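Here the structure is a predicted model, which is why all the values come from computation and not from measurement. The residues of the chain are indexed from 1 along the displayed sequence.
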Amino acid sequence: MTPLPGTDTPDHRGRTGLDRAGRDLDRNPDVVVRDVELTSQGWHVLRRTTFDYRRRDGRWTTQQRETYDRGNGAVVLPYDAERGRVLLTRQFRYPAYVNDHPDGMLIEAAAGLLDGDDPLAAVRRESAEELGVALGPLTHVLDAYMSPGSVTERLHFYAGPYTPADRTAEGGGLEDDGEDIEVLEVPFTEALAMVRDGRITDGKTIMLLQWAALDGPFAGAALGLGRARRSATPG
């Protein structure tokens, strides 16, 4: 049989054994993995897994699922509570563009794959590369699976304060990686308005902005804004 790159021999990134992911899983007695097939590998990996699943009524069924493995990632929301600002990015996202976004230019919190780093190191790296800001203390907000029906990625969410003095470079991302990132310093109240009117549609960014409004550095300000709007509503 012909050796398969990524399975028997190294692929273009030097990886082998990509078809073995998940074969030894035994944490759930109601799931038995039978086969893992490598269907595509580019920078990331697509697999088709066959497994037996015991339903709640006790019957066993055989199912197949495709999983897209791009590694885990981390995202950060830098905020300046004194000036009421947050740092965001704007960049072209082809998957959004091809799925009905008007121009594919998404406003997002800075994020990236871990690429072997721990989450804290990753968000500091991405903050420096994308935003040109050196962050100090960081708050871990939450971890979440963003698309668990097909994508394996777990995203680590962080937030941290910054001041104008912490913006030590222009940012913009790495041109060698094809990045062309615009840095946006946005009033927090405006960022919330952008969520409401659809200018911000990125899930991870919405989650961090909502956290900042409910439990984070702008909780009091957001509460006051809501009261002011209710008092201004006729009737």
Spacing of [X] atom [atom1] and [Y] atom [atom2] [to the nearest 0.5 Å]:
X: Arg70; Y: Leu46; atom1: CZ; atom2: CG; value: 13.5 Å
X: Arg48; Y: Gln64; atom1: CZ; atom2: CD; value: 6.0 Å
X: Arg65; Y: Tyr53; atom1: CZ; atom2: OH; value: 10.0 Å
X: Ile206; Y: Leu192; atom1: CD1; atom2: CG; value: 10.5 Å

Nearest heavy-atom neighbours spanning [X] and [Y]:
X: Ala212; Y: Leu77; result: CB-CD2, 4.1 Å
X: Pro5; Y: Leu38; result: O-CD2, 4.0 Å
X: Arg83; Y: Arg85; result: O-NH1, 3.0 Å
X: Ser127; Y: Val76; result: OG-CG1, 3.3 Å
X: Asp117; Y: Ala121; result: CB-CB, 4.0 Å
X: Val123; Y: Ala74; result: CG1-CB, 3.3 Å

[X] side chain to [Y] main-chain N or O, any donor-acceptor pair under 3.5 Å?
X: Arg23; Y: Asp19; value: yes
X: Asp80; Y: Gly84; value: no
X: Arg47; Y: Leu18; value: yes
X: Arg124; Y: Leu135; value: yes
X: Asp166; Y: Thr163; value: yes
X: Thr67; Y: Thr152; value: no
X: Thr205; Y: Ala109; value: yes

Hey, does [Y] have a side-chain heavy atom less than 4.5 Å from the side chain of [X]?
X: Leu142; Y: Met207; value: yes
X: Leu184; Y: Leu87; value: no
X: Leu131; Y: Thr89; value: yes
X: Glu182; Y: Met105; value: no
X: Phe218; Y: Val86; value: yes
X: Ser150; Y: Glu66; value: no
X: Trp211; Y: Pro217; value: yes
X: Phe157; Y: Lys204; value: yes

Task: Residues Arg90 and Glu108 bridged, charged N to O under 4.0 Å - done: no
- [ ] Before accepting this row, confirm whether a basic side-chain N of the pair Arg54/Asp30 lies closer than 4.0 Å to the acidic partner's carboxylate O.
- [x] yes
- [ ] May I ask you to check whether over 12 heavy atoms, not counting those of Trp60, lie within 6.0 Å of atom CH2?
- [x] yes
Open item on the list: Set out, in order, the CA-CA distance, both residues' side-chain angles and the distance that settles side-chain contact (heavy atoms from CB on, under 4.5 Å) for Arg125 and Glu130, then state yes or no.
Closed with: CA-CA 8 Å; Arg125 181 194 69 220; Glu130 296 190 4; over 6 Å; no
If hydrophobic clusters are built from ILVMFWY residues whose side chains come within less than 4.5 Å, do [X] and [Y] share one?
X: Leu208; Y: Leu113; result: no
X: Val75; Y: Ile107; result: yes
X: Val141; Y: Val133; result: no
X: Leu120; Y: Leu114; result: no
X: Ile200; Y: Met146; result: yes

- [ ] Could you point out which residue of His101, Arg199, Gln91 forms a side-chain contact (heavy atoms from CB on, under 4.5 Å) with Leu106?
- [x] His101
Task: Criterion side-chain contact (heavy atoms from CB on, under 4.5 Å) on His44 and Tyr68, from CA distance to verdict - done: CA-CA 7 Å; His44 308 308; Tyr68 185 56; 3.1 Å; yes
- [ ] Could you tell me how the ring of His156 sits relative to the ring of His140: parallel (under 30°), tilted (30 to 60°) or perpendicular (over 60°)?
- [x] tilted
- [ ] May I ask you to check whether Tyr97 and Phe92 place their ring centres under 6.0 Å from each other?
- [x] yes
- [ ] Begin with the C-alpha distance, continue with both residues' side-chain angles, and end with the deciding distance and a verdict on side-chain contact (heavy atoms from CB on, under 4.5 Å) for Phe51 and Arg34.
- [x] CA-CA 5 Å; Phe51 60 92; Arg34 296 298 183 189; 5.6 Å; no
TODO: Dump the intermediate steps for side-chain contact (heavy atoms from CB on, under 4.5 Å) on Tyr162 and Arg167, then the final yes or no.
DONE: CA-CA 8 Å; Tyr162 79 95; Arg167 299 188 65 183; 4.2 Å; yes
